[in-house]
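Comments concern the structure below.
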Number of protein chains: 2
Amino acid sequence: MTASTVLDEAELLERHGVLPSAQRLAIAQYVLRTDEHPSADQVFAKVKRALPMVSRATVYNTLNLFVDKGLLRAHVLAEGKVVFDPNLAPHHHFIDEETGAIHDVPWSALAVSNVDALEGFDVHEYQVVLRGKLK
Amino acid sequence: MTASTVLDEAELLERHGVLPSAQRLAIAQYVLRTDEHPSADQVFAKVKRALPMVSRATVYNTLNLFVDKGLLRAHVLAEGKVVFDPNLAPHHHFIDEETGAIHDVPWSALAVSNVDALEGFDVHEYQVVLRGKLK
DNA sequence: ACGGACCTTAGACTGTGTCTAAAGCGAGAC
DNA sequence: GTCTCGCTTTAGACACAGTCTAAGGTCCGT
């Protein structure tokens, strides 16, 4: 019954079947709260400040583990990079062509019609990817 | 006035400001006719059969040149790979989750509403990316 | 022939991501 | 308290995509 606005990361990991560890908590505390759409190496750089001895393999393994366990989603949007996104709700993406920055676009801001009527495809998920300039 | 159903690749390159060469023609003959959405290394492998001494740098340079000159489009859709697509008309993409194969979806098969009304974004282009199984 | 512009080549280099072998750590059994 | 088992972490090697460089080749006008 103890309602809390602060997430208990350790409990969150356990609830998703991930055994907590110091490294996994440090990674979780950054990547599950950010809206920066970081790549794996950006996560690595960030986490290294809090935990300087962490290895690159651990960060990659942990991010992939989080994706497997449904804590994160991976998107292939920018030039040759996989980015991670803790926003699990379906949403669209806008890519700033000048900076490469990725912005979330709420699902309700756009509507795609006829997805269910596509011939020959059994669509499991979809999103609109937009590119342009910030106004 | 000589209408022709067979494309003259050399003339096509010239019309787009690309000086033809044996290597560029071999690459064009494959990549401008395929619907396989090949990656650069797949193009390299394919072209090597026709022209065994061709170098990887030439294939990469040529593909990027074709994109610059408007003969091809590059898409970042699959796991960490850039794929090339001679279909220049706007269209959507369906990714088979089982095989990773990419299929074109005609622009007219789907409709996205409200793109112009997005707050804060000046959208230059967009597409719908769908994932699922083939029916 | 010569020269210049452009193209191609092999291989080195960079960056991203995966794998491996060994060491570390935590929790339960004794 | 310590042993041991299973899981995690580590450093570094590896694999792969893509770019760059330096050198040589080709074509064409003169």
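Order of the sequence lines sets the chain letters (A, B, ...), proteins ahead of strands, with each chain counted from 1. For the numbers below, each heavy atom of this structure counts, side chains included, while hydrogens, waters and symmetry mates do not.
The NZ atom of B:K48 sits 15 Å away from the P atom of C:dT8 (whole-angstrom rounding). In this structure, B:L65 atom CG and D:dT19 atom C1' are separated by 15 Å, rounded to whole Å. With rounding to whole Å, A:M53 atom CE is found 15 Å from D:dT8 atom C1'. Whole-Å rounding puts the A:E14 CD to C:dA27 P distance at 11 Å. If you take CG of A:L51 and P of D:dT8, they are 16 Å apart, rounded to a whole angstrom. As a whole-Å value, the separation of B:K69 NZ from C:dC6 C1' is 13 Å.
Within the structure, salt bridge (Lys or Arg N to Asp or Glu O under 4.0 Å) contacts touching residues 51-60 of chain B (residues at least two apart or in different chains) are B:D41-B:R56.
Counted by atom type alone, A:Q42 and A:Y30 present zero donor-acceptor pairs between their side chains at under 3.5 Å.
Within a 6.0 Å sphere centred on CG of A:D116, heavy atoms belonging to other residues, nucleotides or ligands number 12 at most.
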Side-chain donor-acceptor pairs under 3.5 Å in residues 18-26 of chain B, sequence neighbours left out?
from  : atom 1 : to    : atom 2 : distance (Å)
B:S21 : OG     : B:R24 : N      : 3.2
B:R24 : NH1    : B:L19 : O      : 2.9

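Side-chain contact between B:Q127 and B:V129: present, with at least one pair of heavy atoms (C-beta onward) separated by less than 4.5 Å.
Side-chain nitrogen and oxygen atoms of B:S55 include at least one within less than 4.0 Å of the OP1 or OP2 phosphate oxygen of C:dT9.
Contact detail for A:F44 and A:V54: the closest heavy-atom pair is CE1-O, 3.6 Å. When all heavy atoms of B:H91 and B:N87 are compared, the closest pair comes out as CE1-O, 3.2 Å. Taking every heavy atom of both residues into account, B:V59 and B:V43 meet most closely at CG1-CG1, 3.9 Å.
Listed by residue number, the members of residues 19-27 of chain B with any heavy atom below 4.0 angstrom from DNA chain C are B:L19, B:S21, B:Q23, B:R24.
Not a single donor-acceptor pair under 3.5 Å links the side chain of B:H37 to the backbone N or O of B:V83.
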Would you tabulate the nitrogen or oxygen pairs shorter than 3.5 Å linking the protein to nucleotides 18-21 of chain C?
from   : atom 1 : to    : atom 2 : distance (Å)
C:dT18 : OP2    : A:N64 : ND2    : 3.3

Between the protein and nucleotides 3-6 of chain D, list the N/O to N/O atom pairs that are separated by less than 3.5 angstrom.
none

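With B:Y126 as the fixed residue, the side-chain contact (heavy atoms from CB on, under 4.5 Å) test singles out one of A:L110, A:I95, A:V128: A:V128.
For B:F66, there are no ring-ring contact (aromatic ring centres under 6.0 Å, His included) partners two or more places apart in sequence or in a different chain.
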